[in-house]
There are 2 protein chains.
Amino acid sequence: MPYRPFDGQNCSIAGALAIIGERWSLLVMREVLLGRRRFQEIKRNTGIASNILADRLQTLVDHGVLERRRYSDQPEAYEYVPTRRGLDVNPVLIALMQWGDRHLAANGPPRVPVHTVCGHDAEPRLVCSHCSQPIKAEELRVRPGPGANEAQRAEPLLPAD
Amino acid sequence: MPYRPFDGQNCSIAGALAIIGERWSLLVMREVLLGRRRFQEIKRNTGIASNILADRLQTLVDHGVLERRRYSDQPEAYEYVPTRRGLDVNPVLIALMQWGDRHLAANGPPRVPVHTVCGHDAEPRLVCSHCSQPIKAEELRVRPGPGANEAQRAEPLLPAD
DNA sequence: AAGCTTAGTTGCATTTTGCCACTCGACTCG
DNA sequence: CGAGTCGAGTGGCAAAATGCAACTAAGCTT
C-alpha cells in the first residue's frame, strides 16, 4: 500500500479507500462477491500475482472485510468469505460497474444485476430517502455532518457546477 | 498506474478501475465534485505530491473525466471541471462514503448528502428498478449480460453466500 | 513413483511513489 | 524598483510497491 497518507482527513471516502480502495483489492472483492472464493480461483480470474494476492487477502482479513475459513481438510483448502463489511462493498462495485457499463461497454454490459428478492433484472437506482425521487449524479451535494471537524464545518461549500 | 493488467477482462468493474480506480484519482474526484477545482486547492486538501497530482489530473483529462479550463489569464490559472463522465463518478464516491460512514465513522458522518432537487438531506438508497423495493447489499447477484463473452456466458454463477 | 492441486513464500528486477527543491510568469507591497 | 508571493507545475533521487518466475510443502491421483 502506498505509504499511508490518507489518515487524518476525517473523511469517510478517504477511510474507505485506505481499506478497500486499492485496485486489486476491489477486484478481489468482485471475485469474492461473485462467488469465487478460493485462492487459485481468484488468481486465475484476475491475473493477479500470487504474492500480491496473498498480501491483499491478508489485509482484507485484517480489516474484517473477509474471513479466512478452512473449506476442507485433505486436501487442505481455504475459502475467503465476505463478512458484513465485505457484503457492504457490493454497492461500491455496482456503482463502478454502472459507470463502466455507461461509459466503456461498447457491446452492452457483460453482466447485469439481479435482485434476488423479486427475482428480476434490476438496474439498481439511487433514490432520495426524503422525496423518494430518483437522484441524478449532478443533483447531489454534501453539507458538514455531525462528525465534521472545525475546518469541515467552516466550509459548507456546495459546488456550483 | 501499476502496469496495466486490467485489460482483456471484459468487465465494467475492471474497466472503471483502470480509469478512475486509483486511490489518488478517486480522492481527486472527491475534491473536484466537492467544488475544489484548482491545482493548489486539491493539493492542499488531499496532501498529494505535486508530480503525482499533475500526473493524475493529466490521465483523468486524457480519459475525458475532467476538462482543463483556463480560469483566468493574469494570473494564469486553471480549473479542472468534471465532464459527464466525471459527474457520473459521484455515485461511486457516495457508495464509498456510505461504506465508510457505516463501518468507520465513530462520531457520526463527517459529511451528509443533500438532494438539490428537493433540498433535503438524502441518504441515497439503492432500489430495484423492477419491484421498486430497497435493495440490501446481499440481495444482489449478477447474470451474464448481452456483452458477455464465451466464458462469462458459461458461468451463470450466482454466489450462495 | 511421478505428477497434479492448493496455498502460498522467496528473490530479484522493474516501476511507481513520495519528498523536496526549483522554475517561470504575473501580481502586489513598500 | 526590488522583494516577496501565488499558481501551476517540472526534475532529481531515494524508498516502496509491483510483477514475474521459481520454489516449498502437504496431500491426493494414476
Side-chain angles (χ1 to χ4, degrees), chain A residues 1-9 14 17-29 31-32 35-63 66-82, chain B residues 1-9 14 17-28 31-32 35-63 66-81:
Chain A
M1 322 275 110
Y3 308 17
R4 56 183 54 258
F6 282 60
D7 306 334
Q9 290 206 20
L17 287 174
I19 294 180
I20 54 169
E22 205 271 337
R23 290 144 72 102
W24 288 121
S25 302
L26 281 168
L27 226 45
V28 167
M29 291 310 294
E31 289 302 304
V32 168
R36 270 97 67 122
R37 297 177 176 178
R38 304 223 311 268
F39 193 95
Q40 297 296 334
E41 215 175 1
I42 298 173
K43 181 162 143 60
R44 260 194 309 278
N45 285 297
T46 54
I48 189 172
S50 318
N51 53 350
I52 308 290
L53 177 55
D55 181 279
R56 295 302 183 274
L57 286 170
Q58 187 56 59
T59 74
L60 289 171
V61 168
D62 288 347
H63 285 96
L66 297 180
E67 194 191 324
R68 185 180 194 252
R69 234 182 352 225
R70 178 152 227 159
Y71 186 66
S72 95
D73 322 289
Q74 336 306 34
E76 162 175 336
Y78 299 91
E79 59 173 359
Y80 292 86
V81 303
Chain B
M1 320 276 110
Y3 307 17
R4 55 187 54 257
F6 282 59
D7 305 334
Q9 293 207 19
L17 286 174
I19 296 180
I20 54 169
E22 205 268 340
R23 293 143 71 102
W24 288 121
S25 301
L26 281 168
L27 227 44
V28 167
E31 288 301 305
V32 169
R36 270 97 67 124
R37 295 177 177 178
R38 305 224 309 268
F39 193 95
Q40 296 296 334
E41 214 174 4
I42 298 173
K43 181 161 144 60
R44 260 195 307 279
N45 284 297
T46 54
I48 191 173
S50 319
N51 52 349
I52 308 293
L53 177 54
D55 181 278
R56 295 304 182 274
L57 286 171
Q58 187 56 59
T59 75
L60 289 171
V61 168
D62 288 347
H63 286 95
L66 296 180
E67 193 192 325
R68 184 177 194 255
R69 255 215 296 259
R70 179 151 228 161
Y71 186 67
S72 93
D73 320 289
Q74 336 304 39
E76 161 175 334
Y78 300 91
E79 60 173 356
Y80 292 86
V81 302

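So you know, we letter chains A, B, ... as the sequences are listed, proteins then strands, and number each from 1. Bear in mind the structure is a predicted one, so any value in this text is a computation, not a measurement.
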(message) Using the side-chain hydrogen bond (donor to acceptor under 3.5 Å, both in side chains) criterion, which residues pair with A:E67? Sequence neighbours excluded.
(response) none
(message) Under the rule for side-chain contact (heavy atoms from CB on, under 4.5 Å), what residues qualify as partners of A:A54, not counting sequence neighbours?
(response) A:F39
(request) Could you state the atom-to-atom distance from CD of B:E22 to P of C:dT15 in whole Å? (result) 18 Å
(request) Using side-chain contact (heavy atoms from CB on, under 4.5 Å) as the criterion, list what pairs up with A:Q40, not counting sequence neighbours. (result) A:K43, A:R44
(message) Rounded to whole Å, please give me the gap between CH2 in B:W24 and P in C:dT17.
(response) 11 Å
(message) Rounded to whole Å, please give me the gap between CD1 in B:I52 and P in D:dT10.
(response) 12 Å
(message) Whole angstroms only, please: what is the CG-P distance between A:N51 and D:dA22?
(response) 14 Å
(request) Using a cut-off of strictly less than 4.0 Å, decide whether A:R56 has a side-chain nitrogen or oxygen near OP1 or OP2 of D:dT18. (result) yes
(request) Take atom CZ of A:R37 and atom C1' of C:dA7, then tell me their distance rounded to the nearest Å. (result) 18 Å
(message) Rounded to whole Å, how long is the line connecting atom CD of A:Q58 with atom C1' of C:dA7?
(response) 13 Å
(message) Please enumerate all residues that pass side-chain hydrogen bond (donor to acceptor under 3.5 Å, both in side chains) together with B:R68, with sequence neighbours excluded.
(response) B:Y80
(message) Rounded to whole Å, how long is the line connecting atom CD1 of A:I48 with atom C1' of D:dG19?
(response) 11 Å
Tabulated below should be each protein N or O lying under 3.5 Å from an N or O of nucleotides 3-9 of chain D; please produce it.
from	atom 1	to	atom 2	distance (Å)
D:dA8	OP1	B:Y78	N	2.9
D:dA8	OP1	B:Y78	O	2.9
D:dA8	OP2	B:F39	N	3.3
D:dA8	OP2	B:Q40	N	3.4
D:dA8	N7	B:Q40	NE2	2.8
D:dG9	OP1	B:R68	NH2	2.5
D:dG9	OP2	B:R68	NH2	3.4
D:dG9	OP2	B:Y80	OH	2.7

(request) Only counting residues at least two apart or in another chain, list the ones meeting side-chain hydrogen bond (donor to acceptor under 3.5 Å, both in side chains) with B:Q58. (result) B:D62
(message) Can a donor-acceptor pair be found, under 3.5 Å and without considering hydrogens, that links the side chain of B:R37 to the backbone of B:V32?
(response) yes
(request) Would you mind reading off the distance between B:F6 atom CZ and D:dG19 atom C1', rounded to a whole angstrom? (result) 13 Å
